[in-house]
Protein chains: 2
Amino acid sequence: MYRCIENGSVTSAKGFKAAGIFCGIKRKKKDLALIYSELPCTTAGTFTLNKVKAAPLLISKEVIKKNNFTKAVLVNSGNANACTGDEGYNDALDMQKWCAEKLNISQDEVLISSTGVIGQKMPMEKIKSGIDEIVNHLSEHGGFNAAEAIMTTDTKIKSFAFEVKLKKSSVTIGGICKGSGMIMPNMATMLGFLSTDAAIEKDLLSELLLNSVQKSFNKISVDGETSTNDMVVILANGASGISIEKNSEDMQIFQEALTAISIEMAKSIVSDGEGATKLVTVNVKNAKSKLDADLVGKSIANSSLVKTAIYGADANWGRILSAAGQSGADFDPANVSIHFNDLPVLLPEYTLALDEEKASKILSQSEFSINIDLGSGSEDCTWWTCDLTEEYVRINADYRT
Amino acid sequence: MYRCIENGSVTSAKGFKAAGIFCGIKRKKKDLALIYSELPCTTAGTFTLNKVKAAPLLISKEVIKKNNFTKAVLVNSGNANACTGDEGYNDALDMQKWCAEKLNISQDEVLISSTGVIGQKMPMEKIKSGIDEIVNHLSEHGGFNAAEAIMTTDTKIKSFAFEVKLKKSSVTIGGICKGSGMIMPNMATMLGFLSTDAAIEKDLLSELLLNSVQKSFNKISVDGETSTNDMVVILANGASGISIEKNSEDMQIFQEALTAISIEMAKSIVSDGEGATKLVTVNVKNAKSKLDADLVGKSIANSSLVKTAIYGADANWGRILSAAGQSGADFDPANVSIHFNDLPVLLPEYTLALDEEKASKILSQSEFSINIDLGSGSEDCTWWTCDLTEEYVRINADYRT
């Protein structure tokens, strides 16, 4: 009911333009992005649960809460505008206002977002000049430039689009996102911007987004950190002329597609996690409760010892079981079985089934799955994680310098 | 009221003997330790909260629960006897029984403990021969050999003793311990064996140990992992002829000394954490509640981003504040101040006070403190952590191989 559009982006959905430029916040690379729809968009968002929230995030949250429609998302990288106090808050408001003026729209139609170093003053002159310039670059082909401009330590541009085949017609969902450190549960430890040309009423859009995020962006871990800045938003401008109604069959199809593209985006963040060389899917099966399944998946995905063992292609299933054991979930360890892809490693009653050579072959691949069956109930969930490497340490030991 | 005894060990307390030998579980290094008191000892212990519990731990827990006295602790390194099912449980019972026979004491007077790789069968013939041999090596000077024999990836022998100056007399507390990966909160993510020649009734001993552990072994983090095997036990044999009574002044003094030696032991584990080059004290001040203080300390001590910044001597206070923010504790970020040792870094209202050069000098030292004042109440706590280095990744990427 949906298919991936090659070279798709946030501008693949009708009526969306975007741009990405260099304005001088970073040393060389693109650092300012703008997404724009002339048609007003219903908008939904999810935001970090970190107690410390960056100024632009507070403003965007308020915009979505108070307004029925937005038209633009302005994003800078290189500076998070977090922990910057009243001055930072006013800077964020200024960015929003300046952008609205240049686009000739209302200030509360502009969402803003920042990512980068915490606790540094925004270089407002550079940003204002950047805004003056970026509005002239808006284009229906600008999604990739925007995706490039929101990157920090990301090594790959993250840009996607899906065509959603509804019962009688089709709509498009596009998205760009960035990681790649400070990636952990609890929404929304990264930036994700989704667009669709379907028309979707605001409350329903919010519901659809939350359902998708719960199965995608909230199920990934690079380093167990929840950032101060991160958010996922979706804008729906109705440019396709197709409306998605609550409880319709089309709504189901759209939900599936939105979840699917969100999972693709989330996986792209994990596989480009700082220093990561491997993308690992953690499937938890037969937990007593949804919460237990989630706790086990999260604990395995976050375990430094599991992640270093993955890096070393070491079939150290004991660390996987131990990570499950420290998750707080209720299960009987004697009932647990563990597979790497389809290869049995541990069977119930601590029965070892480990073929070291075959296991090591699987763990040496750049993508594989760890499947843990708790044998304690019928609830499942899926997490995605990456390996922990020396390169992660190197990147983060001198991020600011 | 207490002083550190130079070259002290678990055998510094009167009436305790110990030994450490190589019996063939590891390739070359000592791997079997025995601590023994001819006098019966009241005994207390704290054990891992990991749902997956190793066989020897289950047995030792039961011994302490059911018996008023013990006389010996047998410990092997190189094999954790965890996730080994019924066979592993029977092996652990056999170890206990064999050791009791050789010491000519009752089986339920022997505590057993294991550390090392998870999920492998115990080499029982080697262990039995080892037990035959080790009883002949018991000595009042054997504490260091025992401390060496419980090491896994530890690079330093961890052995301590304190003389406790009571009102009219003095007693001794000795202790050995090992780390150095899988170190995290929630008791007792390592092995610690304490001895004292004071006479202390069992329930009181348990209370004193729990109070100490709460402020020491439960406040350290190397990698956020809770192991399947770990425990801290204390044996009190009364050989000094001095009795510590509940609610006495001597009890207060003993409690302080026990906490102090436990903190020394815990710190020795952190500073010898896998790949660690720095020991960092995290002081949390003025939290709303004890729990909030603990959550913030734990979150900072566990944060990969804080730990890599420490490694890089990068004064990235934003990561510290962000780690506090994701802890779940209730506080207003605008009230927070952060100091490195006495150097102000962040003052309330996000007022930057950072002298990068001075900060970097402090962060380059092998020991310093991060002091975070939440400005939200009056509860404090202290955690200890280390840096996260490339070496941690290397050690854990090929631990088994």
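Order of the sequence lines fixes the chain letters, A, B, ..., with proteins taken first and strands second; residue numbering starts at 1 for each chain.
Counting heavy-atom pairs under 4.5 Å between each of F331(A), Y311(A), Y350(A) and chain B puts Y350(A) at the top. If you tally non-hydrogen atom pairs under 4.5 Å between each of E391(A), K51(A), E349(A) and chain B, the highest count goes to K51(A).
D332(A) meets the side chain to side chain contact (heavy atoms under 4.5 Å, CB included) test with A334(A), N335(A); sequence neighbours excluded.
Residue contact with chain B, scored on non-hydrogen atoms closer than 4.5 Å, is absent for A324(A).
Side-chain contact, S114(A) with N76(A): a donor N or O sits under 3.5 Å from an acceptor N or O.
Among residue pairs with one or both ends in residues 81-90 of chain B, those qualifying as salt bridge (Lys or Arg N to Asp or Glu O under 4.0 Å) are E87(B)-K121(B); sequence neighbours excluded.
Taking the side chain as every heavy atom from C-beta outward, N316(B) and V306(B) never approach each other to under 4.5 Å.
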